[in-house]
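A short worksheet on the structure shown next.
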Amino acid sequence: MQIELSGIEKAFKVYERPEGRWGLLRGAFTRSVRRVKALDGIGFSIGEGELVGYIGPNGAGKSTTVKVMSGILTPDAGECRILGRVPWRQRREHVAGIGVVFGQRSQLWWDVPVGDSFAVLKDIYVLPAADYRGRLAQLTERLGVDGLLKTPVRQLSLGQRMRCELVAALLHRPKLLFLDEPTIGLDAVSKLALREFLREENRQDGVTMVLTTHDMDDIEALCKRVMVIGHGRLLYDGRLSGLQDKYAPEVVRKVDTDRMIAAMYRDLELA
Ligand SMILES: Nc1ncnc2c1ncn2[C@@H]1O[C@H](COP(=O)(O)OP(=O)(O)O)[C@@H](O)[C@H]1O
Ligand SMILES: [Mg+2]
């Protein structure tokens with residue numbers, strides 16, 4: 001297995017101010033601390049070449065899981081091995097083997113031409129010049145961004161930027177790709193292009209992918225296997241068709257509502 005997680009827990013401290021008119025003032029003295037359990041014993045295994053959808057309502061713990069797998073966050077408990085390494089302990093070796101795309105956060109430098117960001121990544125990953133040039137040409141051509149290398153990131157449309165984020169994430173030929181809401185806010189054409197690219201990358205190069213999304217069309221187009229997370233727990237892990245058989249279409253489609261999660265909890269209690 002390339003990815004193995006078991007019993008992963010992660011809590012965050014959230015500081016809250018008292019409510020009401022004087023809350024701001026009183027808050028200076030009596031901020032209360034609440035613990036939010038983002039991950040409450042998450043475990044799963046993913047094998048080479050799988051393309052797994054990871055869905056659940058807002059605040060369910062999807063991004064936290066991706067951050068743990070990327071080595072950005074250290075969990076409070078549990079085990080995680082990715083390509084045989086513990087991400088937060090062997091961070092340098094770990095990041096050399098993975099690619100990460102966060103739809104809501106750019107890893108490209110805002111004010112400089114996209115091509116300059118790619119060149120910096122070449123140095124970070126210590127890619128030989130010829131490899132880099134070949135890979136860059138291949139990726140930018142396939143994603144249709146080869147004409148944009150001189151354009152500053154801030155001047156790109158969201159769709160163009162996301163395609164450039166993918167180039168950045170794949171330049172060093174990682175075996176694993178984590179995608180956190182890569183299609184959020186994209187127009188229909190860009191979504192289709194992105195899906196097509198991911199499907200090919202998975203089929204041709206065998207890149208293993210974990211994809212979080214709010215868009216069931218992404219899942220339907222790409223993933224046989226889907227994992228559902230709610231309140232920091234894994235509620236379902238299996239074939240997409242199993243989910244479709246079990247729950248009404250409108251429940252499965254609207255993963256951003258709490259209905260499917262509520263139904264799953266009912267099932268769990270009955271079981
Ligand atoms: N840095 C943080 N500080 C405090 N709370 C956080 C932080 N990151 C995430 N959380 C909380 O943890 C829970 C899970 O968040 P997240 O993993 O971002 O969910 P998702 O990506 O599924 O929407 C939410 O309740 C969120 O508010
Ligand atoms: Mg998220």
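Just so you know, ligand 1 is whichever comes first in the structure, and atom 1 is the first atom listed for that ligand.
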Closest non-hydrogen atoms of P174 and G97, given as atom of the first, atom of the second and distance, are CB-O, 3.5 Å
Do T208 and E50 meet the criterion of a side-chain donor-acceptor pair at a distance under 3.5 Å? no
Would you give the length of the straight line joining atom CG of L211 to atom CD1 of I219, rounded to the nearest 0.5 angstrom? 5.0 Å
Run through the protein N/O/S atoms less than 2.8 Å from the Mg ion (ligand 2) and write them out by chain and number. S63 OG
Hydrophobic cluster membership, L176 vs L179, 4.5 Å side-chain cutoff: no
Residues in ring-ring contact (aromatic ring centres under 6.0 Å, His included) contact with F12, at least two apart in sequence or another chain: none
So, D180 and S63: side-chain donor and acceptor under 3.5 Å apart, yes or no? yes
Check the side chains of S32 and Y15 for a donor-acceptor pair under 3.5 angstrom, ignoring hydrogens and angles. no
Contact table, ligand 1 N/O with protein N/O, distance under 3.5 Å:
{"from": "ligand 1", "atom 1": "17 (O)", "to": "S63", "atom 2": "N", "distance (Å)": "3.4"}
{"from": "ligand 1", "atom 1": "17 (O)", "to": "T64", "atom 2": "N", "distance (Å)": "2.9"}
{"from": "ligand 1", "atom 1": "17 (O)", "to": "T64", "atom 2": "OG1", "distance (Å)": "2.5"}
{"from": "ligand 1", "atom 1": "19 (O)", "to": "G61", "atom 2": "N", "distance (Å)": "3.2"}
{"from": "ligand 1", "atom 1": "21 (O)", "to": "S63", "atom 2": "N", "distance (Å)": "2.9"}
{"from": "ligand 1", "atom 1": "21 (O)", "to": "S63", "atom 2": "OG", "distance (Å)": "2.9"}
{"from": "ligand 1", "atom 1": "22 (O)", "to": "A60", "atom 2": "N", "distance (Å)": "3.2"}
{"from": "ligand 1", "atom 1": "22 (O)", "to": "G61", "atom 2": "N", "distance (Å)": "2.9"}
{"from": "ligand 1", "atom 1": "22 (O)", "to": "K62", "atom 2": "N", "distance (Å)": "2.8"}
{"from": "ligand 1", "atom 1": "22 (O)", "to": "K62", "atom 2": "NZ", "distance (Å)": "2.8"}
{"from": "ligand 1", "atom 1": "23 (O)", "to": "G59", "atom 2": "N", "distance (Å)": "2.7"}

So side-chain hydrogen bond (donor to acceptor under 3.5 Å, both in side chains) across residues 88-114, not counting sequence neighbours, yields S106-E165, D111-R154
Mark yes or no for whether H231, through its side chain, and G59, through its backbone, hold a donor-acceptor pair below 3.5 Å. no
